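Contents: one structure, followed by commentary.
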Amino acid sequence: MFSALVVGWFDQHGRKDLPWQKNTTPYRVWVSEIMLQQTQVATVIPYYQRFMKTFPSLKKLAHADIDQVLHLWTGLGYYARARNLHKTAVLIDTQFRGRFPTTVTELIDLPGIGQSTAGAIVSLSKGDWAPILDGNVKRVLARVHCIEGWYGHRKTADQLWALSHCYTPKMRTAAFNQAMMDLGATVCTRGKPNCTQCPLSAVCLAHQTQQETQFPQPKPKKTIPIKSVSMLVLRNSQQELLLEQRPPMGIWGGLWSFPEFKDHSALQAYCQQSPILKQNKVKLLAKLRHTFSHYHLEIEAWYLDTVKKPNKIMEDRQLTWYNPKQPSTLGLPSPIQKLIKKTTEEI
DNA sequence: AAAGCGTGGTG
DNA sequence: TCACCAAGCTT
């Protein structure tokens with residue numbers, strides 16, 4: 001009954017023309033599911049198109065340079081997704097002889113693939129039975145059954161998984177899963193759910209009691225801290241900018257950024273002790289605030305012209321000259337990309 | 001369990 | 001301007 005309502009709605013109103021809904025190979029579905037983690041469809045589409053054009057097959061991705069993968073991920077965020085995608089491609093290419101695993105059990109052992117992503121890959125690409133539980137499905141199910149609590153809590157998540165497990169039909173699993181996500185994204189939205197268009201309104205407990213927006217219960221809110229950093233924008237006579245590769249772990253892992261100091265005086269001290277930098281004074285290029293999910297970052301960017309490349313700034317960090325006119329294929333954090341643009345326009 | 005991990009859109 | 005949050009996974 002439940003699934004018939006959902007699948008019936010899908011046949012009439014579901015989305016069937018998204019880029020990853022054509023030629024639904026496990027590889028293509030996998031890439032789309034990773035990009036779609038915590039990221040909306042409209043944001044993903046251009047990234048997905050570029051990615052598939054560059055890496056049309058798992059083999060191509062496995063043989064690619066990680067810098068090129070991160071380059072195509074620039075601006076999309078959660079860069080561990082890109083690193084895991086590449087790592088997994090290499091793993092499948094070498095350990096699985098290029099055969100993409102097609103069971104949930106095998107898939108969840110791979111880096112970056114959890115229960116829901118594994119279920120999506122299996123159902124959407126093979127049509128096999130597997131439940132999913134992404135943000136959309138959580139919202140729909142939490143409303144239909146008035147599930148209390150935030151789904152970051154184990155108990156709440158377990159209840160929702162149990163519901164997804166029960167409702168997911170053996171037949172037309174792919175249509176059902178896709179429909180549940182579409183429903184959450186287009187009808188059962190967070191702020192103003194469009195219950196008149198919903199195939200589940202007759203069986204939805206939240207709707208019957210007019211408590212649609214009471215569910216799901218929001219994440220307990222916390223005030224996030226403010227951190228600050230000073231960045232050194234060094235430019236050589238060919239208008240190239242000095243970038244430093246960030247360590248693999250932590251924020252912006254593996255991406256290229258300007259050399260960082262804890263504040264302006266630490267940056268100043270570095271320049272003073274450097275024979276090739278000490279004659280000139282740094283000038284303020286920009287102050288900007290960048291917000292992550294877990295903290296605000298106040299960035300001061302100071303620029304300086306130099307004739308020579310400093311041999312090192314931080315221990316074990318690669319340095320490279322970046323030419324904005326002929327950009328290299330490497331990953332850049334979003335605010336760094338903005339700062340680079342600013343240098344080409346203003347200095 | 002709770003925190004780390006991005007970014008752009010929205011009201 | 002700012003809080004909130006969207007197709008989660010890892011530690």
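Just so it is clear, the model here is predicted, and its values are computed rather than measured. Note on naming: letters A, B, ... go to the chains in the order of the sequence lines (proteins, then strands), and numbering restarts at 1 for each one.
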Problem set entry | dG8(C) OP1/OP2 closer than 4.0 Å to side-chain N/O of K138(A) | no
For this session: Select one nucleotide: of dA3(C), dC5(B), dG8(C), the one nearest the side-chain heavy atoms of T117(A).
Result: dG8(C)
Exercise. Run the side-chain hydrogen bond (donor to acceptor under 3.5 Å, both in side chains) check on S201(A) and H207(A) step by step: do they pass?
Worked result: CA-CA 6 Å; S201(A) 58; H207(A) 179 61; 4.9 Å; no
Exercise. Which of parallel (below 30°), tilted (30 to 60°) and perpendicular (above 60°) describes H165(A) and W129(A)?
Worked result: perpendicular
For this session: For dA6(C), take OP1 and OP2 only and decide whether either is under 4.0 Å from a side-chain N or O of Q40(A).
Result: no
Problem set entry | OP1 or OP2 of dC5(C) under 4.0 Å from side-chain N/O of K219(A) | no
Exercise. How many Å lie between CE on M249(A) and P on dA3(B), as a whole number?
Worked result: 18 Å
Exercise. Which part of the nucleic acid, if any, lies within reach of V137(A) when heavy atoms closer than 4.0 Å are counted: base, sugar-phosphate only, or nothing?
Worked result: nothing
Exercise. Closer than 4.0 Å, any side-chain N/O of W252(A) to the OP1 or OP2 of dG4(B)?
Worked result: no
Problem set entry | Nearest-Å distance once atom P is located in both dT11(C) and dG6(B) | 14 Å
Problem set entry | Side chain of D182(A) (C-beta onward), nearest among dG8(B), dA7(C), dG8(C) | dA7(C)
Exercise. Does the side chain of S334(A) get closer than 4.0 angstrom to OP1 or OP2 of dG8(B) through an N or O atom?
Worked result: yes
Exercise. How would you label the contact of W20(A) with the nucleic acid (heavy atoms, under 4.0 Å): base, sugar-phosphate, or nothing?
Worked result: base
For this session: Can you figure out which of dG6(B), dA7(C), dG8(C) approaches the side chain of Y79(A) most closely?
Result: dG6(B)
For this session: State plainly whether the residues R172(A) and D11(A) are in salt-bridge range, i.e. N to O under 4.0 Å.
Result: yes
Problem set entry | R81(A) to Y78(A), cation-pi by 6.0 Å centre distance and 45° axis angle | no
Exercise. Is the F55(A) ring parallel, tilted or perpendicular to the F51(A) ring (thresholds 30°, 60°)?
Worked result: perpendicular
Exercise. Just how far, in rounded Å, is C1' of dT11(C) from NE2 of H294(A)?
Worked result: 14 Å
For this session: Return the orientation label for the F292(A) and H290(A) ring planes: parallel under 30°, perpendicular over 60°, tilted otherwise.
Result: perpendicular
Exercise. Choosing from dG8(C), dA2(B), dT7(B), which nucleotide comes nearest the side chain of F292(A)?
Worked result: dT7(B)
Exercise. Expressed as a whole number of Å, how far does the P atom of dA7(C) sit from that of dA3(B)?
Worked result: 23 Å
For this session: Quick one: pull up OH in Y151(A) and NZ in K138(A) and give me the separation to the nearest 0.5 Å.
Result: 6.0 Å
Exercise. Charged N to carboxylate O under 4.0 angstrom, E212(A) versus K192(A)?
Worked result: no
For this session: For R289(A) and for A185(A), locate the closest nucleotide of DNA chain C by heavy-atom distance; then report the residue assigned to the nucleotide nearer the 5' terminus.
Result: R289(A)
For this session: Examine the base of dG6(B) for any acceptor or donor lying under 3.5 Å from a partner atom in the side chain of T39(A), and report the outcome as yes or no.
Result: yes
Exercise. Which sits closer to the 5' end of DNA chain B, H153(A) or P333(A), going by the nucleotide each is nearest to?
Worked result: H153(A)
Exercise. Closer than 4.0 Å, any side-chain N/O of K87(A) to the OP1 or OP2 of dT10(C)?
Worked result: no
Exercise. Can you check whether H290(A) has a side-chain N or O nearer than 4.0 Å to OP1 or OP2 of dG6(B)?
Worked result: no
Exercise. If you look at every strand shown and take non-hydrogen atoms under 4.0 Å, does K155(A) touch a base, only sugar-phosphate, or nothing?
Worked result: nothing
For this session: Rounded to the nearest angstrom, tell me the gap between atom CZ in R81(A) and atom C1' in dC9(C).
Result: 10 Å
Problem set entry | Distance, rounded to the nearest Å, where Q337(A) contributes CD and dG6(B) contributes P | 15 Å
For this session: Could you check how far OH of Y295(A) sits from C1' of dC2(C), rounded to whole Å?
Result: 19 Å
Problem set entry | Distance, rounded to the nearest Å, where Q37(A) contributes CD and dT10(C) contributes P | 8 Å
For this session: Remember a base hit wins even if backbone is also touched, and classify L110(A) as base, sugar-phosphate or nothing at under 4.0 Å, heavy atoms.
Result: sugar-phosphate
Exercise. Separation of R154(A) atom CZ from dT11(C) atom C1', in whole Å?
Worked result: 14 Å
For this session: Quick one: label K222(A) by what it contacts on the DNA or RNA (base, sugar-phosphate, nothing), any heavy atom closer than 4.0 Å.
Result: sugar-phosphate
For this session: Specify the residue among G135(A) and T291(A) whose closest nucleotide of DNA chain C lies further upstream toward the 5′ end.
Result: T291(A)
Exercise. Does a side-chain N or O from R190(A) land closer than 4.0 Å to OP1 or OP2 of dC4(C), or not?
Worked result: no
Exercise. Which part of the nucleic acid does I132(A) contact within heavy-atom distance under 4.0 Å: base, sugar-phosphate only, or nothing?
Worked result: nothing
Seminar exercise, completed: Out of dA7(C), dC5(B), dT7(B), minimum distance to the side chain of D134(A) belongs to dA7(C)
For this session: Report the distance from atom CG of L297(A) to atom C1' of dG6(B), rounded to the nearest whole Å.
Result: 12 Å
For this session: Tell me what G250(A) touches on the nucleic acid: a base, only sugar-phosphate, or nothing, going by heavy atoms under 4.0 Å.
Result: sugar-phosphate
